[in-house]
Visitor: 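First the structure, then my questions, so here it is.
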There are 2 protein chains.
Amino acid sequence: MTAVNSQPTLDEVARVAGVSRATASRAINGGSRVSASARAAVDEAVRTLGYVPNPAARSLVTRRTDSVAVIVPEPDERVFSDPFFARTLRGVDRMLAAADLQLVLLLATRGAEGARTMRYLSHRHVDGAVVASHHRNDGLADHLSAIGLPCVFVGRPWSPDRVTYVDVDNVAGGREATRVLIDRGCQRIGTIAGPADMTAAVDRLHGWHEAMRAADLPTDAVAIGDFTEAGGEEAARELLERHPDLDGIAVASDLMAAGALKVLADSGRRVPDDVAVVGYDDLGVAERTSPLLTTVRQPIVEMAERATRLLLEQMDGSAPPGAMRVIIPPSVIRRDSA
Amino acid sequence: MTAVNSQPTLDEVARVAGVSRATASRAINGGSRVSASARAAVDEAVRTLGYVPNPAARSLVTRRTDSVAVIVPEPDERVFSDPFFARTLRGVDRMLAAADLQLVLLLATRGAEGARTMRYLSHRHVDGAVVASHHRNDGLADHLSAIGLPCVFVGRPWSPDRVTYVDVDNVAGGREATRVLIDRGCQRIGTIAGPADMTAAVDRLHGWHEAMRAADLPTDAVAIGDFTEAGGEEAARELLERHPDLDGIAVASDLMAAGALKVLADSGRRVPDDVAVVGYDDLGVAERTSPLLTTVRQPIVEMAERATRLLLEQMDGSAPPGAMRVIIPPSVIRRDSA
DNA sequence: GATCAATGTGGAAGCGCTCTCACACTTTCA
DNA sequence: TGAAAGTGTGAGAGCGCTTCCACATTGATC
């Protein structure tokens, strides 16, 4: 007699179907070597009993957990509300769902909490990890490769050598954005860059420099923002004070560009006629500014999907050995600000 | 001889510590009935071997998974980028971390994907669930209570009877917000409400009605928005067209209020002198508008923490039987718009 | 000094599953 | 017709852990 209230086990399914537990297991897992009649009997038994496999038991023998972690470093308010993460999560979840894997969210802070995350990963509680790198140097890459857990970064980490990652070509993006301004005839072009501890910010600034030098334009009008709207305002004010003759600004994020637009409007400058502005991201903000922002699109969801696919390949062993990098080209979205 | 590369097992720990597996297990799980010397030996063995318990094996026998799901319904871009979810996740994660539980994120869409979520929950893959209800009627509450999984809603669900939830008192919030306008002498007060399929929106509108009736003011100036900035703009325009004499607007979200502020500015009305505006949420937006928004604060993180605590009590059986509801009072944050 | 409880310990069962292996039975082909 | 190959099946061995139970030991109590 079996307990009445507990979930049915494979044994019961086998008994009801009139086969052995081994055959029932094979039938359920879609294995070969099962006769059509046996499979039908098992299917029927599964249905009538409402059988559902016990994941822990399965996991114990297969040594897989069928779940992967998404590691979000430093979930302070700003970072977390960033559409970057929302879209990354969506992209990852979409791919994982297709592979019938679960998404375990790890909000990795530093310090004691960070140690907890590391411990969790060492436990082999997940089969792999996607790191939504906000491009900070937090030692995660080293730790992950040390414990040999399959993992992929979305966004280039600071120590990219040993780790597979997917990133947008931010140098090209910065270059293209700047070229939009050059091509429309801007002569005095500045930039509002992001924090120097993020690879994306550094790369975009790099691209700006390249384009400016190629066009023989001066590269002295640089201000640094923090990827927030307020930071963009402040940087724009500083920039305009130092260089009142600016007629073009390449901004490293749409949010900062939105701030810059405000400052330009307040100072009585028309956009794009007096000063043309190009943003970066195209994650929604650019469609709500006035005027609408010309910007560089990062296909985040696609990046996340691509990263997840690479992870899945690592997990099932079909990935080539060694770290891979996938660089996705950005595309300029033309609207009204430049 | 044991495999070299595999994780050490409890057996090896026991052998190294010179005790039985049972004692080692007790020592590791902080159980009583272990002598100090045995415990020390086990601790030492754990340290030197780098032992880490296998969660699947443990889970198989304890019938716990030590993880809880956070269910986010319908993760379209708007919903997901909402600070509401970001903060909910943070609050939940904070409490779970303290209890050494893992957060499994379930992005529950409708249809086939939704079925997958339900299946996952039925598997008893998690010990409990926090539902970040965006207040839609998606049958989740029924399903969860049907399978008997401990769960708590953040935000009142549409069918609240059988389910424990934590919510802010949105009726009171709507009332308080309106009273701010009444108290400053507004005579002609309108409201921009949220969609009628969200309990929060309905409740806030309800509160507005209460306050208006109590002050013997007319309740005809109502427009409906969709909780976005653009929706707020549109609703504000409509409202002003129908009621050009408005001198106060209670808006059901800060984002919509931001849109309304724009429209008011465009129409040459000064805020708060010509028209006073009160928002709702105080999740960051209100501190970036011009003028700064007077608003009603929802303590989301605290709500999420409270909800999680209730869930933990359900999970360990210390909760009183029956569904509970915790209603948190909102507070008015006075800034410049009213 | 005998009796009892409290305390620490190890043996062993068993959680629910997968998968190897041996075996029976069929088909194919020389 | 016999051997070889292929196919479906069940017995059974674990996966690594917790926990029940029985068995010492000890200290407290009469």
Side-chain angles (χ1 to χ4, degrees), chain A residues 1-43 45-46 49-67 100 122-125 127, chain B residues 1-3 5-43 45-46 49-67 100 122-125 127 316:
Chain A
M1 197 56 201
T2 344
V4 173
N5 277 326
S6 75
Q7 302 270 359
T9 70
L10 187 56
D11 256 323
E12 297 170 56
V13 171
R15 202 175 314 138
V16 169
V19 299
S20 73
R21 194 172 63 240
T23 302
S25 175
R26 263 173 249 141
I28 285 166
N29 293 306
S32 46
R33 312 244 145 134
V34 182
S35 66
S37 63
R39 185 178 313 244
V42 171
D43 284 353
V46 165
L49 291 175
Y51 170 77
V52 128
N54 179 321
R58 175 177 286 177
S59 184
L60 182 57
V61 38
T62 60
R63 297 165 171 293
R64 285 180 293 101
T65 63
D66 294 322
S67 60
D100 222 22
S122 316
H123 277 54
R124 292 287 169 160
H125 230 307
D127 298 336
Chain B
M1 196 57 201
T2 343
N5 276 326
S6 74
Q7 301 272 358
T9 71
L10 187 58
D11 254 324
E12 297 170 57
V13 171
R15 200 174 315 136
V16 170
V19 299
S20 73
R21 193 171 63 241
T23 302
S25 175
R26 265 174 243 135
I28 285 166
N29 293 306
S32 46
R33 313 242 143 137
V34 182
S35 66
S37 63
R39 184 176 314 244
V42 171
D43 284 353
V46 165
L49 291 174
Y51 170 76
V52 130
N54 178 322
R58 174 177 287 177
S59 185
L60 182 58
V61 35
T62 60
R63 296 164 170 295
R64 285 181 292 102
T65 63
D66 294 323
S67 59
D100 222 21
S122 315
H123 278 54
R124 293 289 171 156
H125 231 308
D127 299 336
D316 70 16

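What's counted below: heavy atoms across the whole structure, side chains too, no hydrogens, waters or symmetry copies.
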Visitor: Identify the two heavy atoms, one from Ala24(B) and one from Val19(B), that lie closest to each other, and give their separation to 0.1 Å.
Guide: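 Between these two residues, the closest heavy atoms are N-CG2, 4.0 Å.
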Visitor: Could you give the CG-to-C1' distance, from Leu10(A) to dG14(D), as a whole number of Å?
Guide: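 From Leu10(A) CG to dG14(D) C1': 15 Å.
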Visitor: How many whole angstroms separate atom CG of Asp11(A) from atom C1' of dC17(C)?
Guide: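 Answer to the nearest Å: 9 Å.
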Visitor: Taking five pairs at each end, how big is the angle between the two axes of the helix from dG1(C)-dC30(D) to dA30(C)-dT1(D), to 10°?
Guide: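 Comparing the axis at each end, I get an angle of 40°.
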Visitor: In whole Å, what is the span from the CG atom of Asn29(B) to the P atom of dT18(D)?
Guide: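 Atom CG in Asn29(B) sits about 4 Å away from atom P in dT18(D).
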Visitor: Val13(B) and Ala45(B): which non-hydrogen atoms are nearest, and at how many Å?
Guide: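 In this case the closest contact between Val13(B) and Ala45(B) is O-CB, 3.7 Å.
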Visitor: Which of these nucleotides, dC17(D), dG16(D), dC17(C), is closest to any side-chain atom of Leu60(A)?
Guide: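 Closest nucleotide among those given: dG16(D).
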Visitor: How many angstroms lie between atom CG of Asn54(B) and atom NE2 of His125(A), to the nearest 0.5 angstrom?
Guide: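 Asn54(B) atom CG to His125(A) atom NE2 measures 9.0 Å (nearest 0.5 Å).
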Visitor: Distance from Ser20(A) atom OG to Asp11(A) atom CG, nearest 0.5 Å?
Guide: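 Those atoms lie 10.0 Å apart.
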Visitor: How long is the line joining CG of Asn54(A) and P of dC17(D), in whole Å?
Guide: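 It is 16 Å, rounded to the nearest whole Å.
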Visitor: Is the phosphate of dG16(D) approached by Arg63(A) (side-chain N or O, under 4.0 Å from OP1 or OP2)?
Guide: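 The answer is yes; a side-chain N or O of Arg63(A) sits under 4.0 Å from OP1 or OP2.
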Visitor: Quick check: do Asp100(A) and Asp66(A) have side-chain heavy atoms less than 4.5 Å from each other?
Guide: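 No, too far: nothing below the 4.5 Å cut-off.
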Visitor: In Å and rounded to the nearest 0.5 Å, what is the CG to CG distance from Asp316(B) to Asp127(B)?
Guide: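 The CG atom of Asp316(B) sits 11.0 Å away from the CG atom of Asp127(B).
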Visitor: How would you list, by chain and number, every residue that makes a side-chain hydrogen bond (donor to acceptor under 3.5 Å, both in side chains) with Asp43(A), sequence neighbours excluded?
Guide: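 Asp43(A) satisfies side-chain hydrogen bond (donor to acceptor under 3.5 Å, both in side chains) with no other residue.
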Visitor: How does each nucleotide of nucleotides 9-14 of chain C score, in 5' to 3' order, for protein heavy atoms under 4.0 Å: base (B), sugar-phosphate only (S), or none (-)?
Guide: BBB-B-
Visitor: Drop me the distance from Thr23(A)'s OG1 to Ile28(A)'s CD1, to the nearest 0.5 angstrom.
Guide: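 One gets 11.0 Å once the value is rounded to the nearest 0.5 Å.
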